[in-house]
Amino acid sequence: MTLDSDSSKSALHDRESKDVVIEVKDLVVRFGDRTILDGINFKVHKGDTMIIMGGSGCGKSTLLRQLIGSTVPDSGEIRLYGFDITRMSEKELDPLRKRFGMLFQSGALLQSLTIGENISLPLLENSKVDPAIVDLIVKMKLELVGLTGFENLKPAEISGGMKKRVALARALALDPDLLFSDEPTAGLDPVMTAVVDKLTCDLTRKLGMTAVVVTHDMTSAFRIGTYMIMLGSGPHQGKIIAEGTPEEIKKNPDPMLRQFINGEADGPIPLKLSQDDYFKHLLGSG
Amino acid sequence: MNAYFRLNVEILFWLIIGPFQRQGPKVAEVFRQIVRIGVEGLPMSAMTALTVGLTLAMQASRKLTELGAGMYVPDMVSVSMMRELGPLMTSIIIIGRSGSAVTAELGTMRVSEEIEALRVMAIKPVKFLVVPRFIAMMIMGPLLTVFSNYFGLVGGWIVWKLIQGKGTAIYITRSLESATAGDLYSGLFKSAVFAWLVVTISCHVGLNVKGGAEGVGRATTRSVVLALVAVFISNATLTYLFF
Ligand SMILES: Nc1ncnc2c1ncn2[C@@H]1O[C@H](COP(=O)(O)OP(=O)(O)O)[C@@H](O)[C@H]1O
Ligand SMILES: [Mg+2]
């Protein structure tokens, strides 16, 4: 079920650009003098689930923010359905935005609205759906994420994991062609994680939705991913240090990747200063 | 300053063009804001106006009686309430109560990514959040001022009647006679200008908060200070222009 009226036009466009939905070229993002993303390149094809991995603070959310056109990069190109969003105004972006859903890391639910109102918001504001049907869609979306009957609570009255699921339901409200989710399963129990993963798989494999998912959860990453990239940190900050299909990633011998996937404390991923630097740092002479 | 100017333009755009694109403000949301900004602010404005009326009458009656003009206390109270103190005191109350709340609310939404989420859902924050608050403030600012004017008069009457033991009828006649419709309208015009300044400043500062909860706190203080300065300066300017 697609609520978007120009989906036929978009299908045509997809074929023209050989099914590439997202194309990122030489993306650079800086905050002050820190370079967070340093020449990122990748493509996401229709129906793919792209997994973005990497340590905390390595720039995953920053990357996602660029993809939704919420901040402008320092340089580089981001094409969604062939349109370079880095050169588009807010007004030009809106039709594109109606085609995608975004699940923020914090959920970003409107605190002043109930859960039901949060989910119906994009429907009421951006589609011509009859208000009577909106109620029905809200119930269906809540059912999908296992939260039937919670529509009258406020976001402040539910747990973090539940907020994530409501945010997912809201992101899916308009049946997007493209879903961005930032750590959708953080704070969820294993069963709920499996439910959310299955939902993502169903939507991408059966309905042809494209997904970009940031996650730390390796089980979930291998379960839903069709392509994976890993962002580096420390000296590799801002670079893609490994990429490939889940099979390729499993076989990739890169020690940093292995350490991350296996969740080991010891390894090449830089966490601490070296012994000497540490003393200097403590004594304030470094 | 540039961004503040753009906010004003955008508010006007949604107010004037929005309804033609079937994107007019939601009546229910406007009412919710009217209740929060206006109705809940009524007791506080009333109390302030009452005490201002009392004080004014006490001060005036001492000086005026010395000059042998004790009869003019009602004139003094009603004219100064309508032209000056009603609009000014009410807008100070609105800044403290509602302006700060608007900044804190929008600022919190900004730092918790809610504003960004709205934009990503192709919902314009100005249309969705600012316009209902703007309409509510433009209605309730002048309305609260009218209420304040009358509470000020009641304050004056308390002194007149209960302390000085003079007649109620003469108080009413004198205060209504001395104040002209022009006095009332000029006060209301002032209060509309103040309401505009307060709501646009508090929304602008709130939407541009940076830096977490601490940023929200700082922005709230900033918005109160800016709004006070703007109201005082515009008050002096308007008084100079009109009188
Ligand atoms: N608005 C900002 N201003 C300055 N630095 C920022 C900002 N947002 C993120 N950063 C920095 O960018 C880095 C990446 O952040 P983020 O993308 O949130 O990481 P994560 O991979 O955990 O999602 C962090 O080191 C953070 O300090
Ligand atoms: Mg993050």
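So that the names make sense, note that chain A is the first sequence line, chain B the second, and so on, each numbered from 1. Computed from a predicted structure; not experimentally measured.
For B:S98, the side-chain contact (heavy atoms from CB on, under 4.5 Å) test picks out B:I37, B:I94, B:M137, with sequence neighbours left out. Judged as a ring pair (Phe, Tyr, Trp, His ring centres under 6.0 Å), and not counting sequence neighbours, B:F13 has no contacts.
A salt bridge links B:E214 to B:R218: at least one charged side-chain nitrogen sits closer than 4.0 Å to a carboxylate oxygen. Salt bridge annotation for B:R36-B:E105: present, with a cationic side-chain nitrogen under 4.0 angstrom from a carboxylate oxygen. Salt-bridge check for B:E114 with B:R119: failed, with every basic side-chain N at 4.0 Å or more from each acidic carboxylate O. One finds a salt bridge joining B:R32 and B:E29 here, because a Lys/Arg side-chain nitrogen approaches an Asp/Glu carboxylate oxygen to under 4.0 Å. Ion pairing of A:K25 with A:E77 is present here, as a side-chain N (NZ or NE/NH1/NH2) and a carboxylate O approach within less than 4.0 Å. For B:K190 and B:E84, the salt-bridge test passes: some basic side-chain N is under 4.0 Å from an acidic carboxylate O.
Contacts from residues 53-75 of chain A to chain B, taken as heavy-atom pairs separated by less than 4.5 Å, involve A:R65, A:I68, A:S70 in sequence order. Contacts with chain A (heavy atom to heavy atom, under 4.5 Å) involve no residue of residues 149-157 of chain B.
With a 4.5 Å cut-off on non-hydrogen atoms, A:L109 touches chain B through its backbone but not through its side chain. For B:L118, the part lying near chain A is the side chain, with the backbone staying farther off; criterion is any non-hydrogen pair under 4.5 Å. For chain B, the nearby part of A:E125 is the side chain; its heavy atoms alone come within less than 4.5 Å. For chain B, the nearby parts of A:D94 are the backbone and the side chain; heavy atoms of each come within less than 4.5 Å. Within the 4.5 angstrom heavy-atom criterion, only side-chain atoms of B:M109, from C-beta onward, approach chain A.
Side-chain contact annotation: A:D84 with A:T86, donor-acceptor N/O pair under 3.5 Å present.
The neighbour count for B:F128 CZ, taken as heavy atoms of other residues, nucleotides or ligands under 6.0 Å away, is above 12.
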So A:R170 and A:E117, salt bridge (Lys or Arg N to Asp or Glu O under 4.0 Å) or not? Walk me through it.
-> CA-CA 10 Å; A:R170 182 177 72 179; A:E117 287 166 341; over 6 Å; no
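Atom CG of B:L228 is separated from atom OG of B:S91 by 8.0 Å, given to the nearest 0.5 angstrom.
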